[in-house]
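Note sheet for the following structure.
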Amino acid sequence: MPLKVGLVGCGAIGAEIAKAIDTGVIDADLVAVCDHNPATAKALIESLQHKPVKSRLEDLVTLSDVVVEAASQKAVPAIARAVLVKGKKLMIMSVGALASPELFQEVKNLAKEHDSRVYIPSGAISGLDALKSASIGTIRKVSLTTTKNPSGLKGAPYILEKKIDLDALTGPTLIFEGSAAEAVKAFPANVNVAATLYLAAGGSDVRVVVVADPNIHVNRHEIVVEGDFGRISTRVENVPSPRNPRTSYLAALSAIATLRSIMEAVKIGT
Ligand SMILES: NC(=O)c1ccc[n+]([C@@H]2O[C@H](COP(=O)([O-])OP(=O)(O)OC[C@H]3O[C@@H](n4cnc5c(N)ncnc54)[C@H](O)[C@@H]3O)[C@@H](O)[C@H]2O)c1
C-alpha cells in the first residue's frame with residue numbers, strides 16, 4: 001500500500017514534494033494539502049495530475065500516514081501536536097523551531113508516547129551522516145558559515161532589527177555571528193540547517209556565521225566539525241529555488257529522499 005501523505009505548506013518545498021509524488025518519484029499518494037494562503041493550495045492542486053483534497057489540519061492528519069510540515073517555524077508546534085497525538089508520522093522542514101529545547105523535548109515525548117516517528121531531513125547541507133557517527137564520541141567544535149546573496153536575506157528579523165542596508169553591500173560582508181538558537185531566531189527562513197546540525201551533534205554548540213555577498217548566486221554552506229574522530233570539512237554550493245531564493249533546491253530534494261527512505265527496506269548511510 002503506498003504511503004498516504006498530507007502536506008502542510010504548498011510553497012517552494014511543498015510544491016517539489018507534491019510534484020515528486022505526482023510523477024511517481026515517490027511511491028506514495030498525496031491525499032491532502034493545506035496552506036495559510038488558499039490560492040497557493042488551489043494553484044498547487046490544479047498543477048497536479050492526481051488531485052489531493054484541500055483540507056484543514058485536523059482532517060489532513062486523519063487522512064494521512066505521514067504529514068509533511070513545509071510551512072514555517074511558527075507553524076511547527078501546532079502541527080507537531082496535532083500529528084503526533086494521533087500516532088501519525090511527521091516530517092519537519094522548519095527545523096529551526098526545534099532549536100527550542102522545550103519544544104524538542106515535547107516532540108520527542110509525544111512521538112514516544114504515541115509510538116510515532118519524526119523525520120528531519122538533512123536539508124541543504126552535506127556531512128550530517130558523518131556528524132551523527134562522530135557525535136557518538138566527543139565533539140569539540142561545530143561551525144557553519146552560510147554565504148547568500150543579499151536578496152535571500154531580505155526581510156529577516158535580524159536585518160530589519162539592525163536596519164542593515166543589504167542593497168548598499170559591494171562585497172562579502174559578515175552580517176551575523178552567534179549560536180544556532182540565536183541564528184534560527186535571527187534568520188528563521190534562512191538557517192534551518194543550523195538547527196539540524198545542532199540536533200545531529202547531540203546538542204553541542206554550533207557557531208553560526210552569516211555572510212551576505214552580492215557577487216554570489218548560490219547558497220553556500222561550509223561546515224567544520226572537530227572531535228575525537230578527527231576533522232570534517234564540507235562545502236555545499238546550492239542552487240536557490242526559483243520560487244523562493246531563501247530556499248535551496250537541495251532542501252526539497254532532501255525532503256523527497258527522506259520520504260522515499262521511510263518505505264525503503266534497506267537503509268544506506270548513518
Ligand atoms: N531544513 C532545511 O534545510 C530547510 C531549507 C529550506 C527551507 N526550510 C524551511 O522549510 C519551510 C518551507 O520552505 P519553503 O521554501 O517551501 O517556504 P515558502 O515560503 O516557499 O512556502 C511556505 C508555505 O507555507 C505556507 N504556510 C505558512 N505558515 C503556514 C501554516 N501555519 N499553515 C499552513 N500553511 C502555512 C505559506 O503560505 C507558504 O505557501 C520554511 O520554514 C523554510 O524556512 C528548511
Side-chain angles (χ1 to χ4, degrees), residues 6-20 32-45 47 52 54-61 67-83 90-99 118-128 131 144 146 148 151-158 180 183-200 206 208 210 218-221 223 234 236 238-259:
L7 177 65
V8 185
C10 300
I13 293 178
E16 288 294 342
I17 294 171
K19 198 170 79 184
V33 300
C34 75
D35 197 288
H36 251 1
N37 184 342
T40 308
K42 189 166 172 271
L44 177 62
I45 293 169
S47 75
K54 180 155 78 71
S55 63
R56 294 177 326 125
L57 177 62
E58 294 71 24
D59 300 330
L60 179 143
V61 173
V67 173
V68 176
E69 177 285 320
S72 72
Q73 280 189 38
K74 260 198 202 152
V76 170
I79 296 171
R81 288 171 193 137
V83 174
L90 172 66
M91 190 166 97
I92 297 178
M93 291 311 295
S94 307
V95 198
L98 301 182
V118 178
Y119 300 90
I120 299 173
S122 302
I125 52 172
S126 64
L128 219 59
L131 172 58
L144 166 72
T146 294
K148 291 197 174 188
S151 63
L153 298 171
K154 276 196 176 149
Y158 188 83
V184 297
K185 283 203 184 101
F187 299 93
N190 294 100
V191 288
N192 281 284
V193 290
T196 311
L197 276 174
Y198 169 74
L199 297 174
V206 178
V208 182
V210 176
V218 291
N219 295 332
R220 183 193 293 150
H221 295 298
I223 295 163
T234 74
V236 187
N238 283 305
V239 176
S241 157
R243 288 179 61 139
N244 180 354
R246 291 180 293 273
T247 285
S248 303
Y249 179 46
L250 186 66
L253 296 179
S254 164
I256 292 167
T258 302
L259 266 179

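We're numbering straight along the sequence, starting at 1. Just so you know, ligand 1 is whichever comes first in the structure, and atom 1 is the first atom listed for that ligand.
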Protein contact of [atom] - nearest heavy atom, named by residue and atom, plus distance:
atom	value
atom 39 (O) of ligand 1	Asp35 OD2, 2.7 Å
atom 5 (C) of ligand 1	Ala251 CB, 3.4 Å
atom 21 (O) of ligand 1	Gly11 CA, 3.2 Å
atom 1 (N) of ligand 1	Met93 O, 3.0 Å
atom 26 (N) of ligand 1	Ala71 CB, 3.7 Å
atom 13 (O) of ligand 1	Ile13 CD1, 3.7 Å
atom 33 (C) of ligand 1	His36 N, 3.3 Å
atom 3 (O) of ligand 1	Gly123 CA, 3.2 Å

Which atoms of ligand 1 have any heavy atom of [X] under 4.0 Å away?
X	result
Ser94	10 (O), 11 (C), 40 (C), 41 (O)
Ser72	28 (N), 41 (O)
Val95	1 (N)
Thr40	39 (O)
Ala124	3 (O)
Ala189	43 (O)
Val193	3 (O)
Ala75	30 (C), 31 (N)

Checklist entry - Which one holds for Pro188 and ligand 1: side chain close, backbone close, both close, or neither close, with close meaning a heavy atom under 4.0 Å? => result backbone
Checklist entry - Quick one: does ligand 1 sit under 4.0 Å from the side chain of Val8, the backbone, both or neither, non-hydrogen atoms only? => result side chain
For [Y], is there any backbone N or O sitting under 3.5 Å from a side-chain donor or acceptor partner on [X]?
X	Y	answer
Asn219	Pro240	no
Glu69	Ala75	no
Thr196	Asn192	yes
Ser248	Leu250	no
Thr234	Ser126	yes

Next on the checklist: Minimum heavy-atom separation for Ala41 and Lys54, please, with both atom names.
Outcome noted: CB-CD, 3.4 Å
Item to check | Atom of Lys185, atom of Pro157 and distance for their closest heavy-atom approach | outcome: O-CG, 3.8 Å
Checklist entry - Is there a heavy atom of Pro121 sitting under 4.0 angstrom from any atom of ligand 1? => result no
Checklist entry - Name the one of Leu60, Asp35, Val61, Val68 that satisfies side-chain contact (heavy atoms from CB on, under 4.5 Å) with Val8? => result Leu60
Checklist entry - Which option, Ile79, Val76, Asn192, owns the non-hydrogen atom nearest atom 42 (C) of ligand 1? => result Asn192
Next on the checklist: Among Asn244, Thr247, Ile125, Val191, which one puts a heavy atom closest to atom 18 (P) of ligand 1?
Outcome noted: Asn244
Quick one: does [X]'s side chain get under 4.5 Å of [Y]'s, heavy atoms only?
X	Y	value
Leu44	Leu7	yes
Glu16	Tyr249	yes
Leu144	His221	yes
Thr146	Asn190	no
Asn238	Val218	no

